[in-house]
Amino acid sequence: MKRLSRTVSAVTLALLSAAPAFADVELKLFHRWPNAPFKPYIDSVIADFEAANPGITVVTDQVLNDSYKDKIRVVLGSSNQPDIFFSWSGEWAFNIARAGRSMDLTPVLAANPDWAANIIEAQIEPFTMDGTVYGLPWQMDGKAIFYNKDSWAQAGITEEPKSFGELMDVCARLKEAGQLPLLFGSKAPWAISHYIGTFNERILPADVLAADYDRTTGEFTHPGYVTALEKFQELSSCMNPSPNGIDHETERNGFVAGRGAMSYLQYAEMGYLKDAAFPYGFFVFPPIEGGEGQQDTLQGAPQGWMIAEGSPHKEEAVKFLQFLLSPEMGARLTSETGIISPIKGAVTDQSATPEQIVAFDQIMNAGDPYLWLDTALDANVADAYMKGVQLLLDGQKTPADVMADVQVAAKRVRDGL
């Protein structure tokens, strides 16, 4: 793969440098990537932005994924809130917007139509509530089952499964060959949401999901939810023992090390697979026989950035987002981190691997996108769901038990509105 230059082009610098210099301003940026390859990329973009915009300094704070979810809620209500912060889309972002913590970006898009036109419109929609845009996408993502081609070959498997039944047959053949079919780490509950969200998409009618995922109307009484958990239980027979004892990073590292034949990973994780000593393939979760839901959807959602409503430097924050979400930075994002950029023309054979281009096509050609379950639902409902499934995996709850807890949580949310 050809690598893009790590420096801003002379043309870009000339254009940006022509803008008037700002008075000394310190922008505070808060994100969830303290490790490579993402943090070095963000730091390099900041250095380029500062060089092109004398007077603006960007300082960062960053914590890992699970800590971020808790800390961002605290800092947004403090006197030390960031100007720009990372955000998941869907209900997670809308909860921040309803609290009045995020800036309305709709006028920014309207005032800068040429720049706005570079962003894939479908990726803005999950940040849009009641016609108002509160966040902008930086990363397109989705979930696929990644598999070790060598492991499959040793088990005599030559074709990707076209249905859930065929996926279970693949698991059986891998077991017969003495292999662990599917790695899973559910110590951090968000990993559970990706599986359950997928099963719900395939089994529940779309209109039922739309009503139940809405915090004002959600009841979760359709029998398909229990069926979805029963199917998940069936798939869990292919997994390593005690998945609640390991986290997702351990799962991914185990797959890269060849300790399992398959893993349900995000496209954003493809960069980690460069260390694998085997060729890999990946496919969208297959249709489930008898399911009443959409069989061609992709579990996944854009992730991006919001500007704090309380920021005293909104103009400078917008300028940084325009720089970050430019075509040149989008191409660099994909080239340097493996993240699939939502900027038009950013994912090409100059910036992406053949596998990343396939992933981009899968995202663009999938049916209606479904957000990660833990960010699509009200946080209280999501917590009940994920904790319940952890107990399901430990044999302490049945699918019906889990959904009874979810129904109680959903009613509590509705009653509290």
Side-chain angles (χ1 to χ4, degrees), residues 27-46 49 58-78 80-97 99 101-103 123 126-127 134-143 185-194 247-253 265-272 299-308 311 317 320-321 324-325 329-330 332-334 336-342 371-376 379 382-383 386:
L27 281 179
K28 291 179 285 188
L29 178 74
F30 188 29
H31 65 79
R32 65 178 184 88
W33 291 285
N35 300 325
F38 309 113
K39 185 179 185 300
Y41 170 78
I42 293 173
D43 289 346
S44 70
V45 172
I46 288 172
F49 174 77
V58 182
V59 296
T60 64
D61 185 16
Q62 53 277 316
V63 295
L64 286 171
N65 187 68
D66 294 316
S67 298
Y68 184 87
K69 290 180 178 178
D70 295 328
K71 188 172 181 180
I72 186 62
R73 293 186 176 97
V74 174
V75 299
L76 284 177
S78 74
N80 190 37
Q81 63 180 271
D83 299 287
I84 307 166
F85 58 95
F86 164 83
S87 177
W88 289 274
S89 52
E91 177 60 26
W92 200 92
F94 300 156
N95 187 50
I96 293 173
R101 304 294 191 190
S102 56
M103 176 183 171
Q123 300 297 308
F127 285 102
Y134 289 101
L136 292 175
W138 180 62
Q139 166 187 348
M140 294 201 301
D141 207 356
K143 200 83 171 183
S186 52
K187 186 175 183 179
W190 62 262
I192 290 171
S193 75
H194 295 183
D247 59 22
H248 179 74
E249 183 178 2
T250 302
E251 170 195 337
R252 185 184 63 226
N253 291 343
L265 300 175
Q266 294 171 226
Y267 295 131
E269 298 178 276
M270 294 174 76
Y272 294 104
Q299 175 79 181
Q303 303 176 47
W305 303 93
M306 303 175 92
I307 295 176
S311 168
F320 179 76
L321 283 191
L324 185 64
L325 301 178
M329 294 302 108
R332 274 186 53 189
L333 175 67
T334 297
E336 296 178 21
T337 72
I339 285 179
I340 308 298
S341 171
L371 307 185
W372 312 120
L373 189 71
D374 60 331
T375 61
D383 286 347
M386 302 309 102

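For reference, positions follow the sequence shown, starting with 1. Since this is a predicted model, take the numbers as computed values, not measurements.
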Check the pair T250, N253 against side-chain hydrogen bond (donor to acceptor under 3.5 Å, both in side chains), reporting the backbone distance first and the verdict last.
CA-CA 5 Å; T250 302; N253 291 343; 5.7 Å; no
Distance in Å, Q123 CD paired with Q303 CD, rounded so as to fall on 0.5 Å steps
11.0 Å
Working to the nearest 0.5 Å, report the span between OH of Y68 and CH2 of W88.
7.0 Å
Students often mix this up, so state it plainly: with edges at 30° and 60°, are the rings of F49 and F320 parallel, tilted or perpendicular?
perpendicular
Where is the tightest heavy-atom contact between E336 and P37, given as atom of each residue plus distance?
O-CB, 3.9 Å
Look up atom CD1 in I307 and atom CG in D83, then write down how far apart they are to the nearest 0.5 Å.
8.5 Å
Quick check for you: to the nearest 0.5 Å, what is the distance between D247 atom CG and N65 atom CG?
11.0 Å
Check the pair F94, Y134 against ring pair (Phe, Tyr, Trp, His ring centres under 6.0 Å), reporting the backbone distance first and the verdict last.
CA-CA 8 Å; F94 300 156; Y134 289 101; 7.6 Å; no
Checking Q266 against R252 for the side-chain hydrogen bond (donor to acceptor under 3.5 Å, both in side chains) test, could you report, in this order, the C-alpha distance in whole Å, the side-chain angles of both residues, the deciding distance, and whether it holds?
CA-CA 10 Å; Q266 294 171 226; R252 185 184 63 226; over 6 Å; no
Could you walk me through whether W33 and W138 pass the ring pair (Phe, Tyr, Trp, His ring centres under 6.0 Å) test, one step at a time?
CA-CA 13 Å; W33 291 285; W138 180 62; 5.1 Å; yes
Is there a side-chain contact (heavy atoms from CB on, under 4.5 Å) between R32 and Q62? Walk through the geometry before answering.
CA-CA 5 Å; R32 65 178 184 88; Q62 53 277 316; over 6 Å; no
May I have the step-by-step check of side-chain contact (heavy atoms from CB on, under 4.5 Å) for W305 and L136, ending in yes or no?
CA-CA 6 Å; W305 303 93; L136 292 175; 5.7 Å; no
At their closest point, which heavy atom of M306 faces which heavy atom of A93, and how far apart are they?
CE-O, 3.8 Å
Kindly say whether I339 contributes a backbone atom to a donor-acceptor pair with the side chain of T334 at under 3.5 angstrom?
yes
Distance-only side-chain donor-acceptor flag, Q299 / H194, under 3.5 Å
no
Working to the nearest 0.5 Å, report the span between OG of S186 and CD of E251.
9.0 Å
Identify the two heavy atoms, one from L76 and one from A308, that lie closest to each other, and give their separation to 0.1 Å.
CD2-CB, 4.4 Å
Less than 3.5 Å apart, any donor N or O on the side chain of R332 or S44 sitting next to an acceptor on the other?
yes
For L27 and V59: C-alpha separation, side-chain torsions, deciding distance, then whether side-chain contact (heavy atoms from CB on, under 4.5 Å) applies.
CA-CA 6 Å; L27 281 179; V59 296; over 6 Å; no
Whether the side chain of D141 engages the backbone of A268 through a donor-acceptor N/O pair (distance < 3.5 Å, no angle test) should be reported.
yes
Heavy-atom side-chain proximity of I72 to F85 below 4.5 angstrom
yes
Carboxylate-amine/guanidinium proximity below 4.0 Å for D374 and K69
yes
Are R73 and I96 close enough, and set up right, to give a side-chain contact (heavy atoms from CB on, under 4.5 Å), and what steps lead you there?
CA-CA 8 Å; R73 293 186 176 97; I96 293 173; 6.0 Å; no
Any donor-acceptor N/O pair, S341 side chain to L333 backbone, under 3.5 Å
no
Taking every heavy atom of V75 against every heavy atom of Q81, the minimum-distance pair comes out as O-CB, 3.2 Å
Is the backbone of A376 close enough, under 3.5 Å, to the side chain of E91 for a donor and an acceptor to pair up by distance?
no
To check you understand the geometry: which heavy-atom pair defines the closest contact between M329 and Y41, and what is its length?
O-OH, 2.7 Å
Restricting to non-hydrogen atoms, name the atom on W92 and the atom on F86 that form the minimum distance, rounded to 0.1 Å.
CZ3-O, 4.4 Å
Do P302 and P126 come within less than 4.5 Å of each other through their side chains, counting heavy atoms only?
yes
Interatomic spacing from CG in L29 to CG in L324 - rounded to 0.5 Å:
8.0 Å
Sorted by chain and residue number, the ring pair (Phe, Tyr, Trp, His ring centres under 6.0 Å) partners of H248 (sequence neighbours excluded) come out as W190
Mark yes or no for whether Y267, through its side chain, and G300, through its backbone, hold a donor-acceptor pair below 3.5 Å.
no
